[in-house]
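Remarks on the structure that follows.
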Amino acid sequence: MTVPSGGETANTTSVLRIMNERAVYERIRLLGPVSRPQLAEATGLSKPTISLALADLERAGLVRPVGHRTGNAGRAALLYEIRPEAGWVIGLDVGRQWVRAALVDLGGEIAVREDVSARSGDAGELIDQLAEIVDSLAAASGGQITNIVLGTPGVYDPDNERLHLAPNIPGWNEPGVTAKLAERLPAPFAIENDIALAALGEQGYGLGADLRHFVYVSIGTGIGMGIIVDGRLYRGSRGAAGEIAFLPMGETDPLAQAADSRRHGMLESVASAPAVVATARRLGMTGEITAKRVFDEARDGDPVAVRAVAREADHVAHALAGVVALLDPELIVLGGGIGGHGADVLLDEVRDRLETMTPLGTPRVEVSPLGDDAVVLGALATGLATARALVFDRAIAGAGEGPGRANRP
């Protein structure tokens, strides 16, 4: 039998202390202002252990007392909450038309929210714009950015520091783009597919809460899907799961024969916003045509617009029938410029067509309540999970840095 040395015993004690402190910190975060007896009940730890953990967490600047519980007989219990300014997260949604950004503290409170027109004509100019936005948000936090999450079209390739399958933003596919981003951003950052983040936003703040299996389908300038399986984001072997723009459908449609259908995807070539415009023009609509105009006029009963929307509903329903057969989701959430803003015209037709296409039973098909905020909210939710762990590790586990302190990757 081997007797542990004093060093091993001390190390074990340190590990247990950190585990207890992490458990207490997480319970304070989840329960909000909470007392020591409540923490003891929630964690199963003894009251002395709770007191020691609270003392360490408070000394590290991670939690703070926020008054006493009132209304109960006897001595009023001191309440604790996490110290929200111990760390800050920036979420970015980078698209062809807009950059949407938000700054949030560790408590999940959005401090700054802004949308600006994207300077997406050139990758270098867009990177400069993102750096300017991040610098502005960092100044609002006092310079203490803990984590940045950037949502963008495409699939991130870390080996070659580039994004694949992002044709709608000029130059965004070029090698070295993400390395240039790393040079300009002041804190550790993560790159994630924008629609995958929208699915996480829907899981955290929308219709996907408490569901184990659902998909978020965005239909706009491009088409994409985020997949939640067993409560977790499913990325696939190369991070390309959900790239339904490339579903091989619509072969008989002239649009599918266009030279760029391989670059943008066959489904995107027949069902995206530009495809709706092209369909309406082929059917006889004249003048300046936008997808919004097509849906507005269909809403008013214009026969050409109604036919164009019916074609769109048919393409979308065919795609969703394939999704149902492969993934069997509980819910399909529609978002994006067409999936969200045109949904009152599109939704019933998609539902009716989908019911005729599969004998498997159809899941609910609903419009996201998050609108244009879905990607940003998903970025914040992802960034907060990472930032809270980083702040705790730096402050408690001896990483040598204070809570919320910004680092370069």
Side-chain angles (χ1 to χ4, degrees), residues 84 87-120 126-127 129-141 145-154 156 163 166 168-169 172 178 181 185-209 214-222 224-228 233 242 333-341 367-388:
W88 297 85
V89 172
I90 292 174
L92 296 166
D93 171 14
V94 182
R96 174 68 180 267
Q97 303 291 334
W98 296 94
V99 175
R100 309 184 195 278
L103 171 72
V104 66
D105 63 31
L106 281 193
E109 187 74 22
I110 294 179
V112 183
R113 175 76 174 83
E114 60 182 55
D115 295 351
V116 297
S117 296
R119 302 203 297 260
S120 58
L126 182 57
I127 289 171
Q129 183 182 29
L130 294 176
E132 292 166 8
I133 292 170
V134 167
D135 287 344
S136 173
L137 295 179
S141 75
I145 300 302
T146 310
N147 194 29
I148 300 169
V149 176
L150 185 150
T152 174
Y156 176 42
L163 291 153
N168 292 320
I169 301 180
W172 216 229
T178 61
L181 276 169
L185 301 184
F189 77 97
I191 298 175
E192 184 65 83
N193 175 264
D194 55 349
I195 311 306
L197 287 179
L200 292 174
E202 202 67 43
Q203 183 182 46
Y205 302 96
L207 298 176
F214 75 92
V215 298
Y216 179 101
V217 178
S218 177
I219 308 168
T221 304
M225 180 172 69
I227 305 168
I228 302 296
L233 179 67
V333 182
L334 297 182
I338 289 177
H341 305 310
V367 178
S368 171
L370 304 182
D372 294 332
D373 290 335
V375 177
V376 167
L377 289 173
L380 293 177
T382 303
L384 277 170
T386 300
R388 287 165 180 152

Problem - Spacing of Leu103 atom CG and Ser141 atom OG [to the nearest 0.5 Å] - result: 5.5 Å

Practice task
May I ask you to test the Asp372-Asp115 pair for a side-chain heavy-atom distance under 4.5 Å?
Solution key: no

Practice task
Decide side chain to side chain contact (heavy atoms under 4.5 Å, CB included) for Val333 and Val215; before the verdict, give the C-alpha distance in whole Å, the side-chain angles of both, and the deciding distance to 0.1 Å.
Solution key: CA-CA 6 Å; Val333 182; Val215 298; over 6 Å; no

Practice task
Please report the closest heavy-atom contact between Asp105 and Leu384, naming both atoms and the distance.
Solution key: O-CD2, 3.3 Å

Practice task
Only pairs at least two apart or in different chains count here, so list each salt bridge (charged side-chain N to carboxylate O under 4.0 Å, His left out) that has a residue in residues 190-200.
Solution key: Glu192-Arg235

Exercise for the section: For residues Gly383 and Val89, report the shortest heavy-atom separation together with the two atoms involved. Expected result: O-CG2, 3.6 Å

Exercise for the section: Tell me, please, which residues at least two apart from Thr386 pass side-chain contact (heavy atoms from CB on, under 4.5 Å). Expected result: Asn147, Leu390

Practice task
List the steps and the verdict of side chain to side chain contact (heavy atoms under 4.5 Å, CB included) for Val149 and Leu92.
Solution key: CA-CA 6 Å; Val149 176; Leu92 296 166; over 6 Å; no

Handout entry: Check against side chain to side chain contact (heavy atoms under 4.5 Å, CB included), Gln203 and Tyr216
Key = CA-CA 10 Å; Gln203 183 182 46; Tyr216 179 101; over 6 Å; no

Practice task
Working to the nearest 0.5 Å, report the span between CG of Leu137 and CD1 of Ile145.
Solution key: 7.0 Å

Fill in the blank from the handout: What one should report as the nearest heavy-atom pair of Gly154 and Asn193 is O-ND2, 3.0 Å

Problem - Test item: Thr382 side-chain N/O and Gly378 main-chain N/O as donor-acceptor pair under 3.5 Å - result: yes

Exercise for the section: Using atom types as modelled and distance alone, determine if a side-chain donor or acceptor of Asp373 lies under 3.5 Å from a backbone N or O of Leu377. Expected result: no

Problem - Euclidean distance, Ile90 CD1 relative to Leu185 CG, rounded to 0.5 Å - result: 8.5 Å

Exercise for the section: Compare all side-chain heavy atoms of Pro186 with those of Ile148 and state whether any distance is below 4.5 angstrom. Expected result: yes

Problem - Smallest separation among heavy atoms of Ala387 and Leu106, with atom names - result: CB-CD2, 4.0 Å

Exercise for the section: Return yes if a side-chain donor-acceptor contact under 3.5 Å exists between Trp98 and Ser117, otherwise no. Expected result: no

Practice task
Verify, without hydrogens or angle tests, whether Ser120 (side chain) and Arg96 (backbone) share a donor-acceptor contact under 3.5 angstrom.
Solution key: yes

Problem - Side-chain donor/acceptor of Thr146 to backbone N/O of Trp88, under 3.5 Å - result: yes

Practice task
Could you tell me which non-hydrogen atom of Gly151 sits nearest to which non-hydrogen atom of Leu197, and how far apart they are?
Solution key: CA-CD1, 3.4 Å

Handout entry: Point-to-point distance, once rounded to the nearest 0.5 Å, from CG of Leu334 to CD1 of Ile219
Key = 5.5 Å

Problem - 4.5 Å side-chain heavy-atom contact, Ile133 and Val99 - result: yes

Exercise for the section: Applying side-chain contact (heavy atoms from CB on, under 4.5 Å), name anything that partners Ala385, two or more places apart in sequence or on another chain. Expected result: none

Practice task
Look at the side chain of Arg100 and the backbone N and O of Glu114, then say whether any donor-acceptor pair between them is shorter than 3.5 Å.
Solution key: no

Problem - Arg119 backbone acceptor or donor facing Gln129 side chain under 3.5 Å - result: yes

Practice task
In sequence, state the C-alpha distance, the side-chain angles, and the governing distance for Leu163 and Ile191, and then conclude on side chain to side chain contact (heavy atoms under 4.5 Å, CB included).
Solution key: CA-CA 10 Å; Leu163 291 153; Ile191 298 175; 4.1 Å; yes

Exercise for the section: Please report the shortest heavy-atom distance between Glu202 and Ser368, naming the atom on each side. Expected result: OE1-OG, 2.7 Å

Problem - Thr221 and Gln97 side chains, donor-acceptor separation under 3.5 Å - result: no

